[in-house]
Amino acid sequence: MTVTRGEPAREGADDKSGMAAPEGGATGEGASGDGYVPSERRLARERYQRARAHRATAVAALSTLVTAAVLYLVVVGAPGWQRTKETFFSAHYAREALPKVLEGLWLNVRLLLICGVAVLVLGMLIAVARTLRGPVFFPLRVLAAAYTDFFRGLPLIINLMIVVLGVPALRLQGVTVDPVLLGGTALTLTYSAYVAEVFRAGIESVHPSQRAAARSLGLTNRQALRHVVLPQAVRRQVPPLLNDLVSLQKDTGLVSIGGAVDAVRAADIIVGRSLNYTPYIVAGLVFVALTIPMTRFTDWVTARMDRRRAQGGSL
């Protein structure tokens, strides 16, 4: 039998070709459409990562169940649990309180919307006043700094008492005595001081070269502040601003100290009549249900801005 010199080479070429491209294309696990076949080491690493993720999920679920079971046994096994259950977790009083609490919650939502807008506008004006340059604006900067220092240091509950209870005692002509309006005013005064500092931090975080570049293009100081500095400052401070709005949403319940019938006051009326504290639990859960979406939205915005910052995108 005679074998030509070229046949072994063709046989080797066929074997090599078969290893690089199996019959029917790349059909191995993880193969892509361009014929790429992952190595065994990569496949093993991916299997290990999946197994590790599944194991971590199982451990987390098991530890959560164990913790929940322990807490349940501790609470239920307490000597006063039965009395506590009747006083704070009564299904009868929960059904009675829920419609009244939801009706009062509408007042809290309106306060949040109106006071939120007022806080943002007033806070922005105070922040701009604190960042104005030139000796002529010195008195304005001092007044803005004194405002923020005073209302950031004054407890909100005391501010509410002074405004809601003190203003009507003055008997001023043309000044409202409505506890809702007075409570909203107190909330605006306090939260605008916090928001002003947030805006001021955002304004000062913008590099001076941005203002200088705007001035070199012929913009005035006012135009540079409006069109260049403020847009960047606001975008950078969106997460802390949303956190302040979340806090404002919860603190709207404090207007009840003046007699305004909001969710907290509606629950307080039922508690005073029944001597059962379940309505307070209902009101608290309603506020939590209203706050969670805002909190998750804040987290989403923060994560999105962090990703853009990590990728080198504009803020």
Side-chain angles (χ1 to χ4, degrees), residues 111-154 156 159 184-252 291-315:
L111 278 173
L112 171 64
L113 296 176
I114 297 174
C115 293
V117 174
V119 163
L120 291 176
V121 173
L122 184 58
M124 175 66 76
L125 294 176
I126 296 171
V128 171
R130 290 202 63 179
T131 56
L132 290 176
R133 301 179 178 181
V136 68
F137 297 114
F138 176 76
L140 192 59
R141 292 197 299 269
V142 171
L143 290 176
Y147 178 92
T148 55
D149 291 342
F150 179 79
F151 283 104
R152 289 176 69 196
L154 183 67
L156 176 58
N159 186 18
T185 301
L187 290 172
T188 302
L189 291 174
T190 296
Y191 272 91
S192 60
Y194 289 99
V195 171
E197 288 300 286
V198 173
F199 279 130
R200 186 170 73 93
I203 292 173
E204 293 181 349
S205 69
V206 178
H207 198 274
S209 62
Q210 298 290 312
R211 192 188 296 264
R215 295 284 289 143
S216 67
L217 293 176
L219 275 68
T220 63
N221 281 325
R222 181 181 302 177
Q223 291 173 334
L225 179 65
R226 177 184 175 185
H227 298 290
V228 178
V229 177
L230 286 183
Q232 297 183 63
V234 172
R235 284 198 299 269
R236 294 179 180 183
Q237 299 304 103
V238 167
L241 288 174
L242 290 176
N243 283 326
D244 285 337
L245 290 180
V246 171
S247 298
L248 176 62
Q249 184 269 320
K250 296 183 297 182
D251 287 340
T252 55
T291 303
I292 287 177
M294 298 178 62
T295 306
R296 295 287 77 79
F297 177 71
T298 302
D299 294 341
W300 177 80
V301 171
T302 303
R304 180 173 179 268
M305 295 186 69
D306 290 342
R307 287 195 301 270
R308 293 183 63 182
R309 186 182 296 110
Q311 295 171 0
S314 61
L315 296 178

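Please read these numbers as outputs of a predicted model, since none were measured by experiment. Residue numbers count from 1 along this sequence.
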* Structure fact -> What one should report as the nearest heavy-atom pair of Val206 and Ala233 is CG2-N, 4.1 Å
* Roughly how far apart are Leu112 CG and Cys115 SG, rounded to 0.5 Å? -> 8.0 Å
* Enter the distance from Leu217:CG to His227:NE2 here, rounded to the nearest 0.5 Å. => 12.5 Å
* Looking only at non-hydrogen atoms, find the nearest pair between Asn243 and Thr298 and report the distance. => OD1-CG2, 3.4 Å
* Asked: Can you tell me how far the CG atom of Asn221 sits from the CZ atom of Arg211, to the nearest 0.5 Å?
  -> 6.5 Å
* Roughly how far, to the nearest 0.5 Å, is the CG atom of Leu230 from the CG atom of Leu225? -> 4.0 Å
* To do: List in chain and number order the residues that pass side-chain contact (heavy atoms from CB on, under 4.5 Å) with Ser205, two or more places apart in sequence or in another chain; answer none if no residue qualifies.
  => Arg236
* Asked: Asp299 and Arg296: which non-hydrogen atoms are nearest, and at how many Å?
  -> OD2-NH2, 2.5 Å
* Would you check, one step at a time, whether the test side chain to side chain contact (heavy atoms under 4.5 Å, CB included) holds for Leu154 with Thr190? => CA-CA 8 Å; Leu154 183 67; Thr190 296; 5.9 Å; no
* Selection residues 189-208 - residue pairs positive for salt bridge (Lys or Arg N to Asp or Glu O under 4.0 Å), sequence neighbours left out -> Arg130-Glu197, Arg152-Glu197, Glu197-Arg200, Arg200-Glu204
* Scan for salt bridge (Lys or Arg N to Asp or Glu O under 4.0 Å) pairs involving residues 219-232, sequence neighbours excluded, and state none if there are none. => none
* To do: Starting at CG of Leu248, measure out to OH of Tyr191 and round the result to the nearest 0.5 Å.
  => 5.5 Å
* **For Ser216, all residues meeting side-chain hydrogen bond (donor to acceptor under 3.5 Å, both in side chains), sequence neighbours excluded** => none
* Excluding sequence neighbours, so at least two apart, what forms side-chain hydrogen bond (donor to acceptor under 3.5 Å, both in side chains) with Ser247? -> none
* Work out which heavy atom in Val301 is nearest to a heavy atom in Pro239; give both atom names and the distance. => CG1-CG, 4.5 Å
* Asked: Could you go step by step and tell me if Phe199 and Val128 meet the side chain to side chain contact (heavy atoms under 4.5 Å, CB included) rule?
  -> CA-CA 8 Å; Phe199 279 130; Val128 171; over 6 Å; no
* Summary of salt bridge (Lys or Arg N to Asp or Glu O under 4.0 Å) pairs that have at least one residue in residues 115-128, sequence neighbours excluded -> none
* With Phe151 via ring pair (Phe, Tyr, Trp, His ring centres under 6.0 Å) - residues at least two apart -> Tyr147
* Asked: By salt bridge (Lys or Arg N to Asp or Glu O under 4.0 Å), which residues pair with Asp149, not counting sequence neighbours?
  -> none
* To do: Taking all non-hydrogen atoms of both residues into account, name the closest pair between Ala196 and Thr148 and its distance.
  => CB-CG2, 4.1 Å
* To do: Please list all pairs passing the salt bridge (Lys or Arg N to Asp or Glu O under 4.0 Å) test where one or both residues lie in residues 111-128, with sequence neighbours left out.
  => none
* Partners passing side-chain hydrogen bond (donor to acceptor under 3.5 Å, both in side chains) against His207 (at least two apart in sequence or in another chain) -> Ser209
* Find the distance between CD1 (Ile114) and OG1 (Thr188) and round it off to the nearest 0.5 Å. => 9.5 Å
Atom pairs and distances, side-chain donor-acceptor, residues 132-144, under 3.5 Å, sequence neighbours left out:
| residue | atom | partner | partner atom | Å |
| --- | --- | --- | --- | --- |
| Arg141 | NH1 | Leu132 | O | 2.9 |
| Arg141 | NH1 | Gly134 | O | 2.9 |

* Have a look at Pro240 and tell me which of Thr302, Leu245, Val198, Val195 forms a side chain to side chain contact (heavy atoms under 4.5 Å, CB included) with it. => Val198
* Structure fact -> side-chain hydrogen bond (donor to acceptor under 3.5 Å, both in side chains) filter on Thr291, not counting sequence neighbours, yields Gln249
